[in-house]
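Chain A is the first sequence line, chain B the second, and so forth, proteins listed ahead of strands; every chain is numbered from 1. Note that the structure is a prediction, hence the values are computed from the model and not measured.
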Protein chains: 2
Amino acid sequence: MLFQDCICFSLGKVSRQMAKVYRDRLIQYGISQPQFFLLIALYEEDDILITRLSEKVALDKSTLTGILDRLERGGFVKRVSRPENRRSLYICLTVKAQTLRNDLTQVYNETNQLFFSRLSEHERGVFDEVMRKLEVTSDD
Amino acid sequence: MLFQDCICFSLGKVSRQMAKVYRDRLIQYGISQPQFFLLIALYEEDDILITRLSEKVALDKSTLTGILDRLERGGFVKRVSRPENRRSLYICLTVKAQTLRNDLTQVYNETNQLFFSRLSEHERGVFDEVMRKLEVTSDD
DNA sequence: TGCAAATAATTGGCATACAAATTATTTGCA
DNA sequence: TGCAAATAATTTGTATGCCAATTATTTGCA
């Protein structure tokens, strides 16, 4: 089988290329693409547990620790501890992040639209279905 | 737009999940998924320049430096310098890597087949076309 | 021919990304 | 009630992955 025919390689390649498009558009805001996706996830659902956030963005909790460190250092989020359960930490958007909400949401929509618009209605439907079918759950 | 509808997020998520499937199957050979893909690319075309290899696998040359370091340390490849051009380095598979060729090619084909088989003939065609359309060249 | 520009690869710096181990806290059951 | 098991997050270690800068070599042109 030719190298280019590998689904995993193909997905990874396009994924990296697309990430760069986001990177270039996010430089002005001082955040990376993974940090950006976390903020978008938090715009959708603020004040949530790290474990919940890690499920949402499909990244290991230990990966989030680092990204959240940098987002917190940049003043975009805060780790909030509540007395009910001192084990858990809630991630909350700061005023700074709220202020950027419109801007970042626009980058989010426009960039996705940039790629989305290359596909026909039919292709979009099939693509979604294919992504759903390729998702890995608990099997090999 | 809902978070899950972002093409880039969707691609990255599935890409990471699929990488894990390869990872689990490669543990026994002592190589990582990126190292594996490099070897597969070399099985297809051995004795090639690093620059050529980096185009083939769509990774930055500086990224390859590290992966090749580890492959070389593991005895899978060698950096070969030729007198015609002392700037260039050719990457060559070792006997050890050649010996593993059948095994690794089988992992490569079987794992891809695992995912490929989840799609219908039509979906495969559309998927290829979509990946082609989403590739980023020199535009935003 | 000589030297600036181009090319090939590496280095250094930073940010993911995951797995295994660890810490702190809470649960649940004997 | 007490303590083992479960849970939440972090830490540690290793490996990507990219970019900008650097080193070494080769090209090409004035």
Side-chain angles (χ1 to χ4, degrees), chain A residues 8-9 12-24 26-27 30-39 48-55 57-74 76-91 136, chain B residues 8-9 12-24 26-27 30-39 48-55 57-74 76-91 136:
Chain A
C8 182
F9 168 71
K13 174 180 169 181
V14 175
S15 170
R16 290 192 300 274
Q17 290 174 339
M18 288 184 53
K20 173 163 174 49
V21 174
Y22 283 91
R23 217 159 40 234
D24 291 344
L26 292 170
I27 287 179
I31 56 175
S32 68
Q33 177 264 317
Q35 289 167 23
F36 172 69
F37 276 6
L38 237 55
L39 288 180
I48 61 176
L49 294 178
I50 293 180
T51 298
R52 167 84 186 106
L53 190 56
S54 105
E55 287 163 6
V57 299
L59 288 172
D60 194 272
K61 267 188 301 181
S62 63
T63 299
L64 287 202
T65 296
I67 302 181
L68 288 173
D69 281 349
R70 288 176 284 277
L71 278 176
E72 197 166 21
R73 195 204 306 152
F76 297 97
V77 305
K78 275 208 173 331
R79 284 171 166 93
V80 174
S81 173
R82 301 249 159 72
E84 310 92 72
N85 191 334
R86 293 183 304 163
R87 243 182 345 190
S88 302
L89 285 178
Y90 293 83
I91 303 301
V136 178
Chain B
C8 183
F9 168 71
K13 174 180 169 182
V14 175
S15 170
R16 289 192 300 274
Q17 289 174 341
M18 286 182 56
K20 174 164 173 49
V21 173
Y22 284 91
R23 217 159 39 233
D24 291 344
L26 292 170
I27 286 178
I31 56 175
S32 68
Q33 176 265 317
Q35 290 167 23
F36 172 68
F37 276 6
L38 237 54
L39 288 180
I48 61 176
L49 294 176
I50 293 180
T51 299
R52 167 84 185 106
L53 190 57
S54 104
E55 287 163 6
V57 300
L59 288 172
D60 194 272
K61 268 189 299 183
S62 64
T63 299
L64 288 201
T65 296
I67 303 180
L68 288 172
D69 281 349
R70 287 176 285 276
L71 278 176
E72 197 167 21
R73 195 203 306 153
F76 297 96
V77 304
K78 274 207 175 329
R79 284 172 166 93
V80 175
S81 174
R82 301 249 159 73
E84 311 91 75
N85 191 334
R86 293 182 304 163
R87 242 180 347 188
S88 302
L89 286 178
Y90 293 83
I91 303 301
V136 179

Opposite nucleotide pairing with [N], Watson-Crick or G-U, both atom distances under 3.5 Å:
N	answer
D:dC19	C:dG12
C:dC29	D:dG2
C:dC18	D:dG13

Just how far, in rounded Å, is [atom2] of [N] from [atom1] of [X]?
X	N	atom1	atom2	value
B:Ile48	C:dA8	CD1	C1'	14 Å
A:Glu72	D:dA9	CD	P	13 Å
A:Ile67	C:dT16	CD1	P	5 Å

Touch class at under 4.0 angstrom, heavy-atom based, for [X] against every strand present:
X	value
A:Gln33	nothing
B:Leu49	sugar-phosphate
A:Leu59	sugar-phosphate
A:Thr63	base

>> Between B:Arg52 and B:Ile91, is there a side-chain heavy-atom distance shorter than 4.5 Å?
In response: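 Not touching, per the 4.5 Å side-chain cut-off.
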> If only side-chain N and O atoms of B:Thr51 are considered, is one of them under 4.0 Å from the OP1 or OP2 phosphate oxygen of C:dT7?
Replying inline: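 So the side chain of B:Thr51 is outside the cut-off, no N or O lying under 4.0 Å from OP1 or OP2 of C:dT7.
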>> Would you say A:Lys20 places a side-chain N or O within less than 4.0 Å of OP1 or OP2 belonging to D:dC19?
In response: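 Affirmative; the distance criterion is met.
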>> Quick check: any donor-acceptor pair below 3.5 Å linking the side-chain of B:Ser62 to the base of D:dC19?
In response: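 Pair found.
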>> Quiz question: going by heavy-atom distance under 3.5 Å, is there a donor-acceptor pair between the base of D:dT25 and the side chain of B:Arg86?
In response: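 No.
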> Which residue, A:Arg70 or B:Leu68, contacts DNA chain C at a nucleotide closer to its 5' end, judged by nearest heavy atom?
Replying inline: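 Closest to the 5' end, via its nearest nucleotide, is B:Leu68.
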Per [X] side chain, nearest of listed nucleotides [options]:
X	options	value
B:Thr65	C:dT16, D:dT10, C:dT10	C:dT10
B:Pro34	C:dA15, D:dG17, C:dA9	D:dG17
A:Lys61	D:dA8, D:dT16, D:dC18	D:dA8
A:Arg87	C:dT25, C:dA15, D:dA15	C:dT25
B:Arg79	C:dA15, D:dT26, C:dT10	C:dT10

>> Over 60° means perpendicular and under 30° means parallel, so tell me whether B:Phe37 and A:Phe9 are parallel, tilted or perpendicular.
In response: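 Correct class here is perpendicular.
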> From A:Ile48 CD1 over to A:Ser54 OG, what is the distance, rounded to the nearest 0.5 angstrom?
Replying inline: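 That separation rounds to 9.5 Å.
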> Which pair of heavy atoms, one from A:Val57 and one from B:Arg16, lies closest together, and at what distance?
Replying inline: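 In terms of heavy atoms, the two residues are closest at O-NH2, 3.2 Å.
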>> For A:Lys20, is there an ion pair with A:Asp24 - N to carboxylate O distance below 4.0 angstrom?
In response: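 Judged by the 4.0 Å cut-off on N to carboxylate O distance, A:Asp24 and A:Lys20 do form a salt bridge.
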